[in-house]
2 protein chains.
Amino acid sequence: MKAKITLKDIARELEVSISTVSKALKNSEEISRDTKEKIQAFAKLYNYKPNNIAISLKNKRTKNIGVVIPAIVHHFFTTVIRGIEKYANAKGYNVIVCLSEESFDKEVINMEMLANGSIDGFIMSLSSETQQKEDYNHLKEVTEQGIPVVLFDRITNEVDCDKVIIDDQLGAYLATKKLIGQGRKKIALITTDDYLSVSKARTEGYRKALSESDLDVDESRILKLSSMEMDEKSIGDFFDANEVDAVLCVNEIFTVFSMRLVQEKGLSIPEDISFIGFTDGLLSKYANPSLTVVAQHGEKMGEISAQMLIDKVESENEEETFHTKILEPTLVVRDSTIN
Amino acid sequence: MKAKITLKDIARELEVSISTVSKALKNSEEISRDTKEKIQAFAKLYNYKPNNIAISLKNKRTKNIGVVIPAIVHHFFTTVIRGIEKYANAKGYNVIVCLSEESFDKEVINMEMLANGSIDGFIMSLSSETQQKEDYNHLKEVTEQGIPVVLFDRITNEVDCDKVIIDDQLGAYLATKKLIGQGRKKIALITTDDYLSVSKARTEGYRKALSESDLDVDESRILKLSSMEMDEKSIGDFFDANEVDAVLCVNEIFTVFSMRLVQEKGLSIPEDISFIGFTDGLLSKYANPSLTVVAQHGEKMGEISAQMLIDKVESENEEETFHTKILEPTLVVRDSTIN
DNA sequence: AGATCAAACGAAAACGGTTTCGTGTTAATA
DNA sequence: TATTAACACGAAACCGTTTTCGTTTGATCT
């Protein structure tokens, strides 16, 4: 086991000072050709690599960015991470991922762990519990300390920071319009509770599209499922109680789950009833029939978040201007709607 | 913007030395009650939190663990990360995730970035390119430096370190046996190239089950698809050319994709043909019909990996004994096989 | 009163780098 | 020949902790 070699080791071995070694390895003009070559050769030979921690301490820069998300076993978040990684790595940054598991407390703990020097900035999406409690003090504390934060997807206006979202309202609007354009009149919406910022916006888009087309919004056609877990019964009852010819769901799972129930009732998709979901994941691609969805462009979202964060981290000036980048969702048409 | 407060700040403000502050905050017996109370109160008031980087430098321990995986947009890896996070966080560790994207070079670069002090140990699954090239020098260098490594799922025997895998051969064996037990005789295998350690083991399990039941292994019934991308044609041709009554696939996507093609040919599942896949992900649960699969228990795998790594990191003794933990796969029976 | 000891605190080294500011040597200039 | 400037290098401070090893002070003992 050969331990890592340090500047001090090189200095001792070559009988020069530590400063000389440091400068030589940075190719400083201060050091003579001879000395530089000797030191560089020695460093190469012993595979010297500077200690990141020491550099971090000196520079007060870790080149780490903290990503705090509610869950990772979700296609959307997974693509966002991928986008973040892609941009961050290219810029020489590492990504520390923490999961809040939709819990407010875990979100707070994770942020506190990271905020004490481990990272240069945060990229986050709020846990559902946080959005429910509307308690954003942990975020405010961090920003007040001068640590840059970028919020994506599940955001809040209570915190002054950069934000990246897709236009969820527009997404739902486009999807609903599409269904209306295909002659659907009794369009249901299956969503989560309104405290999730994204669900709220999607519901608004749905309503907007309907009223624009002079279709009245029948509240009984809106099903709100609490949390991510859905039970067969509530969805089943919903379809028994309401006659619908199209359904917009706020995620993939609601969509495939509902489709299955409807198919079991003997309806055929998309002839009798159309479905549109959110998130362009594996499920959408491989469901039977494949899903028409509102694509959220998670990877792009991740890249942009990383870019905004790193820009802030590396910018000298302390200007306190924050931007909100709104991405356009796109409709990916597959077989769960009439072509 | 209130900047972080340091020991030095407290010392200056309270007119004591830095050492006194440090000891007082650790409740050292060396410091008098009065002084401790004064310092602790002050620290609380100004919300003092020690700087992680400084502590890391001092202790030569970062409390970070590096996770290098081939991809993140895969249910299996995603569950492993979750397991790692769960255990690591409970132990006060953070998780730095790096993606190799199945590329050898990226794997090497990521490891080098992290190996210079950023982490206390690695948890990894090899990229396909690495397994193809059979070049493990980057791993060997790291272990030689005394940095603990735990390899999971896609492993190699070339490197001395702890390993966690599921018994892939057994998984395939059980699945194949199950199909045979249901009277299937012409069982196909859809897999990837053999350089992936897991695919190789699965193929062996498949062969073993067949020969044990005196069914001869018809090589034409084994389809090897290169990489993760499959094309409709090669799979279609395969089913045209071979009459099969059951299929074992090495992942979810191959399974649903093949099922679709077979369904389009007018066969019904599981009456005419059965399917079993690997990985118990969302696709399996929501496919139509839902998939019978070999569950890999990714979360458990992650937890065990994290545990093995942290044990090594925190163990004082330098004993060089490595263990390989083999998890038992289980068959999750759903609707793509006869019940 | 002088020696001894414990209590309470501070100085300084250490972790591994970077960087500023000397300083000694040599060569060019007046 | 005395002055000066450039060159090549080293000393030391610094980043924020921890920790060892003094040192001071007052009390106790003889």
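Chain A is the first sequence line, chain B the second, and so forth, proteins listed ahead of strands; every chain is numbered from 1. For the numbers below, each heavy atom of this structure counts, side chains included, while hydrogens, waters and symmetry mates do not.
- Looking at B/E30 and B/K23, a side-chain N of the basic residue comes within less than 4.0 Å of a carboxylate O on the acidic one, giving a salt bridge.
- Among the protein residues, A/T35 comes within range of the sugar-phosphate backbone only, with heavy atoms under 4.0 Å from sugar or phosphate atoms but none that close to a base.
- Taking 4.0 angstrom as the limit, A/S22 places a side-chain polar atom (N or O) nearer than this to OP1 or OP2 of C/dT18.
- The separation between A/L25 atom CG and D/dC9 atom C1' is 15 Å, rounded to whole Å.
- In this structure, CG in B/D153 is found 4.0 Å from CZ in B/F76, a value given to the nearest 0.5 Å.
- Taking atom CD1 of residue B/I53 and atom C1' of nucleotide D/dC14, one finds them 16 Å apart after rounding to whole Å.
- In this structure, the CD atom of B/E29 is 10 Å from the P atom of C/dA7, given to the nearest Å.
- Phosphate proximity of C/dC15 to A/K8: present, with a side-chain N or O under 4.0 Å from OP1 or OP2.
- Residue B/K58 places no side-chain atom within donor-acceptor reach of the base of D/dT17, judged by atom type and a 3.5 Å distance cut-off alone.
- Applying the 4.0 Å criterion to OP1 and OP2 of C/dG16, one finds that B/K60 has a side-chain N or O inside that range.
- Here B/S32 lies in heavy-atom contact (under 4.0 Å) with sugar-phosphate atoms only.
- The interatomic distance linking B/E30 (CD) with D/dT19 (C1') rounds to 9 Å, in whole Å.
- The base of D/dG10 sits with one of its N or O atoms less than 3.5 Å from a complementary donor or acceptor on the side chain of A/K23.
- One interatomic measurement links the two molecules: CZ of A/R12 to C1' of C/dG16, which rounds to 13 Å at whole-angstrom precision.
- The phosphate of D/dT17 (OP1 or OP2) has a side-chain N or O of B/Y48 nearer than 4.0 angstrom.
- Here the side chain of A/K26 is nearest to one of D/dC9, D/dT18, C/dT18, namely C/dT18.
- In this structure, B/T6 does not reach the D/dG16 phosphate: none of its side-chain N or O atoms is under 4.0 Å from OP1 or OP2.
- Here the side chain of A/Q40 pairs a donor or acceptor atom with the backbone of A/A24 at under 3.5 angstrom.
- Residue order along DNA chain C, read from the 5' end via each residue's closest nucleotide, puts B/S19 first among B/S19 and B/L57.
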